[in-house]
Chemist: 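Before I ask anything, here is the structure I am working with.
Every heavy atom of this structure was used, including side-chain atoms; hydrogens, water molecules and symmetry mates were not. In what follows, chains carry the letters A, B, and so on, assigned in the order in which the sequence lines appear, proteins first and then strands, with residues in each chain numbered from 1.
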Number of protein chains: 2
Amino acid sequence: MAENSSIEPSFTCGLDATLRIIAGKWKPLIVYFLSLSSNRYGELRRAVKGVSDKMLIQQLKELEADGIVHRHDYKEVPPRVDYTLTPLGRSLAGALAPLCAWGSDNMVEVGRVLAEREQWSREPADAQLPVA
Amino acid sequence: MAENSSIEPSFTCGLDATLRIIAGKWKPLIVYFLSLSSNRYGELRRAVKGVSDKMLIQQLKELEADGIVHRHDYKEVPPRVDYTLTPLGRSLAGALAPLCAWGSDNMVEVGRVLAEREQWSREPADAQLPVA
DNA sequence: CAGAATCCATAAAGATACTG
DNA sequence: CAGTATCTTTATGGATTCTG
């Protein structure tokens, strides 16, 4: 493999570039919730259901480094920090909106296929057929 | 935790539902390329740069099970199989389009931040500061 | 409140070799 | 051509404990 001397990632397409920024389980959700309202850390954590401190902080830091979110520390005690989208982040949130709408429009169908997935992942894979 | 008796996944929002379908490194790209043209397996593999057979097949199967893509096997020899989007898949591809556009519009900026990321991930993390 | 640090289990992804 | 199968590595995520 020698070394990858291509400094620029050279994306195959726009979508490829976008995915480098928001791929992952939490980032799209974080950006989306921040587009609804700037949020203090704790609120954001409650909004993004199921996320842990570790993941939320980690993803927020990456988004901050990537110029998507801005972190403001009020340096008060008890601590108060809030996160807002940068202009770049807001434009990204806009691009995310159709995905939200798609999910809403097709939620029933999505729910169905996911339920089926969980079924056969719950099956022992050798479900002994009942005597025939 | 007892057992999770909630059969329906109960999404927190539309975006959450969407992500259950296309989360991952490859699925958005697969759906996108299939929206440009239906593709034979080999062509798709070349289009989605860097994907392995294992991943491509795996993701295609899931997308098929989720009603996003349709697989047509011509049962010829040598084998010929092509993949197309279902109507649901086409609507999803439409929702993905703004993300493509965002990536294209901001490709330079995205390239910059990614290059920076790779820099400090290349650094030994204990770059001995030069004697002060 | 807003994190940081550590440990651990699992899932996603990659490499390689093989097949009808 | 269009996959399978197996193995290894890496990334993701969760639980817990700790701190200013």
Side-chain angles (χ1 to χ4, degrees), chain A residues 1-2 4 16 19-30 33-34 38-65 69-84 114 117-118 120-122 125, chain B residues 1-2 4 12 16 19-30 33-34 38-66 69-84 114 117-118 121-122 125-126:
Chain A
M1 287 110 193
N4 190 353
D16 184 27
L19 290 173
R20 310 285 182 110
I21 297 294
I22 43 136
K25 189 174 178 178
W26 303 112
K27 284 180 183 173
L29 257 9
I30 292 170
F33 283 117
L34 286 180
S38 75
N39 274 301
R40 294 187 53 173
Y41 177 82
E43 299 184 294
L44 191 53
R45 174 145 188 216
R46 278 184 292 280
V48 184
K49 292 272 180 72
V51 74
S52 66
D53 282 324
K54 178 193 166 186
M55 289 312 298
L56 184 52
I57 283 294
Q58 180 181 301
Q59 306 298 300
L60 281 170
K61 279 186 177 171
E62 290 183 17
L63 289 171
E64 194 189 355
V69 314
H70 177 251
R71 174 183 190 272
H72 183 65
D73 187 342
Y74 289 88
K75 297 181 189 297
E76 296 176 353
V77 41
R80 181 156 74 110
V81 174
D82 57 35
Y83 291 88
T84 56
L114 258 54
R117 264 205 230 170
E118 282 168 29
W120 58 251
S121 79
R122 190 196 324 278
Chain B
M1 285 115 193
N4 191 352
T12 60
D16 185 26
L19 290 173
R20 310 284 182 109
I21 296 295
I22 41 136
K25 191 172 178 179
W26 303 112
K27 283 180 183 172
L29 257 9
I30 292 171
F33 283 117
L34 286 180
S38 76
N39 274 300
R40 294 187 54 172
Y41 177 81
E43 298 183 295
L44 191 52
R45 176 148 186 213
R46 277 185 292 280
V48 184
K49 292 272 179 73
V51 75
S52 66
D53 282 325
K54 178 193 166 188
M55 290 311 298
L56 183 52
I57 282 295
Q58 181 180 302
Q59 305 298 300
L60 281 170
K61 281 185 176 171
E62 290 183 18
L63 288 171
E64 194 190 355
D66 292 350
V69 314
H70 176 251
R71 174 184 191 272
H72 182 65
D73 186 342
Y74 288 89
K75 297 181 187 299
E76 297 176 352
V77 42
R80 181 155 74 109
V81 174
D82 57 34
Y83 291 89
T84 55
L114 259 55
R117 263 205 230 169
E118 283 168 29
S121 78
R122 192 195 324 275
D126 65 312

Chemist: Look at the side-chain N and O atoms of B:R40 and state whether any lies under 4.0 Å from the OP1 or OP2 oxygen of D:dA2.
Modeler: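 So the side-chain polar atoms of B:R40 do come within 4.0 Å of the phosphate oxygens OP1 or OP2 of D:dA2, strictly under.
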Chemist: Nearest whole Å is fine: how far is D:dA15 C1' from A:R45 CZ?
Modeler: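 After rounding, the gap between these two atoms is 11 Å.
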Chemist: What is the distance, rounded to the nearest whole Å, between atom OH of A:Y74 and atom P of C:dG3?
Modeler: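 It works out to 13 Å between those atoms.
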Chemist: Would you say the side chain of A:K54 and the base of C:dA5 hold a donor-acceptor pair, judged only by whether the two atoms sit under 3.5 Å apart?
Modeler: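 Absent.
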Chemist: In Å, rounded to the nearest 0.5 Å, how long is the span from CD of B:Q59 to CG of B:L44?
Modeler: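 Reported to 0.5 Å precision, the distance equals 11.5 Å.
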Chemist: When the side chains of residues 49-56 of chain A are checked against the rest of the protein, which donor-acceptor pairs come out under 3.5 Å, sequence neighbours left out?
Modeler:
unit_1, atom_1, unit_2, atom_2, d
A:S52, OG, A:M55, N, 3.2
A:D53, OD1, A:Y41, OH, 2.6
A:D53, OD1, A:R45, NH1, 2.9
A:D53, OD2, A:R45, NH1, 3.1

Chemist: For B:R80, report the nucleic acid contact type (base, sugar-phosphate, nothing); a contact means any heavy atom under 4.0 Å.
Modeler: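 Touches sugar-phosphate only.
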Chemist: Using only side-chain N and O atoms of B:W26, determine if any of them is under 4.0 Å from OP1 or OP2 of C:dG14.
Modeler: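 It does, given that an N or O in the side chain of B:W26 lies less than 4.0 Å from OP1 or OP2 of C:dG14.
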Chemist: Could you check how far CD of A:Q59 sits from C1' of D:dG14, rounded to whole Å?
Modeler: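 Rounding to the nearest Å, CD of A:Q59 and C1' of D:dG14 are 14 Å apart.
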Chemist: For the pair made of CG in A:L44 and P in C:dG3, what is the distance, rounded to whole Å?
Modeler: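 Taking atom P of C:dG3 as the reference, CG of A:L44 is at 10 Å.
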Chemist: Taking any heavy-atom pair under 4.0 Å as a contact, classify B:G50: base, sugar-phosphate, or nothing.
Modeler: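 The residue B:G50 makes no contact with any strand.
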Chemist: Is the shortest side-chain N/O distance from B:R71 to OP1 or OP2 of D:dG3 below 4.0 Å?
Modeler: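 Yes, because at least one side-chain N or O of B:R71 sits under 4.0 Å from OP1 or OP2 of D:dG3.
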Chemist: To the nearest Å, give me how far apart NZ (A:K75) and C1' (C:dG3) are.
Modeler: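 In whole Å, C:dG3 C1' lies 14 Å from A:K75 NZ.
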Chemist: Write down the atom of A:L29, the atom of A:K25, and the distance for their closest heavy-atom approach.
Modeler: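 Closest heavy-atom pair between A:L29 and A:K25: CD2-O, 3.8 Å.
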Chemist: With DNA chain D as reference, determine whether A:P79 or B:R46 sits nearer its 5' end, using the nearest nucleotide of each.
Modeler: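 It is B:R46 whose nearest nucleotide is closer to the 5' end.
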Chemist: Can you give me the bend angle of the helix from C:dC1-D:dG20 to C:dG20-D:dC1? Use the axis through the first five pairs and the one through the last five, nearest 10 degrees.
Modeler: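 Here the local axes at opposite ends form an angle of 50°.
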Chemist: At under 4.0 Å between heavy atoms, what does A:Y83 touch on the DNA or RNA strands: base, sugar-phosphate, or nothing?
Modeler: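 Result for A:Y83 = sugar-phosphate.
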Chemist: Between B:G24 and B:P28, which heavy-atom pair has the shortest distance, and what is it?
Modeler: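 So the minimum-distance heavy-atom pair works out to O-CD, 3.6 Å.
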Chemist: Provide, to the nearest angstrom, the distance between the CG atom belonging to A:L60 and the C1' atom belonging to C:dA4.
Modeler: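 After rounding, the reported distance stands at 14 Å.
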Chemist: Evaluate the ring planes of B:H72 and B:Y74, with Trp represented by its six-membered ring, and classify them as parallel (under 30°), tilted (30 to 60°) or perpendicular (over 60°).
Modeler: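 The rings of B:H72 and B:Y74 stand perpendicular, inter-plane angle above 60°.
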Chemist: Give one of base, sugar-phosphate or nothing for A:K25, where a contact means two heavy atoms less than 4.0 Å apart.
Modeler: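 Sugar-phosphate contact only.
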Chemist: Would you kindly give the CD-to-P distance between B:E43 and D:dA2, to the nearest whole Å?
Modeler: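 Value for this atom pair: 8 Å.
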Chemist: How many whole angstroms separate atom CG of A:D53 from atom P of D:dT12?
Modeler: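 In whole Å, D:dT12 P and A:D53 CG are 18 Å from each other.
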Chemist: Check this one for me: any side-chain N or O of B:K61 less than 4.0 Å away from OP1 or OP2 of D:dT4?
Modeler: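 B:K61 to D:dT4 OP1/OP2: side-chain N or O found under 4.0 Å.
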Chemist: Considering heavy-atom distances to DNA chain D, does A:Q58 or B:P78 have its closest nucleotide positioned more toward the 5' end?
Modeler: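 Checking each residue's closest nucleotide, the 5'-ward one belongs to B:P78.
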Chemist: Can you check whether A:R71 reaches A:L60 side chain to side chain, under 4.5 Å on heavy atoms?
Modeler: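 No, every pair of side-chain atoms sits at 4.5 Å or beyond.
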Chemist: Heavy atoms only: give me the nearest B:I21-B:K27 pair and the separation to one decimal.
Modeler: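 Heavy-atom minimum between the residues: O-CD, 3.4 Å.
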Chemist: NE2 of A:H70 to CG of A:L34: how many Å apart, nearest 0.5 Å?
Modeler: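 Interatomic distance, A:H70 NE2 to A:L34 CG, rounded to 0.5 Å: 12.5 Å.
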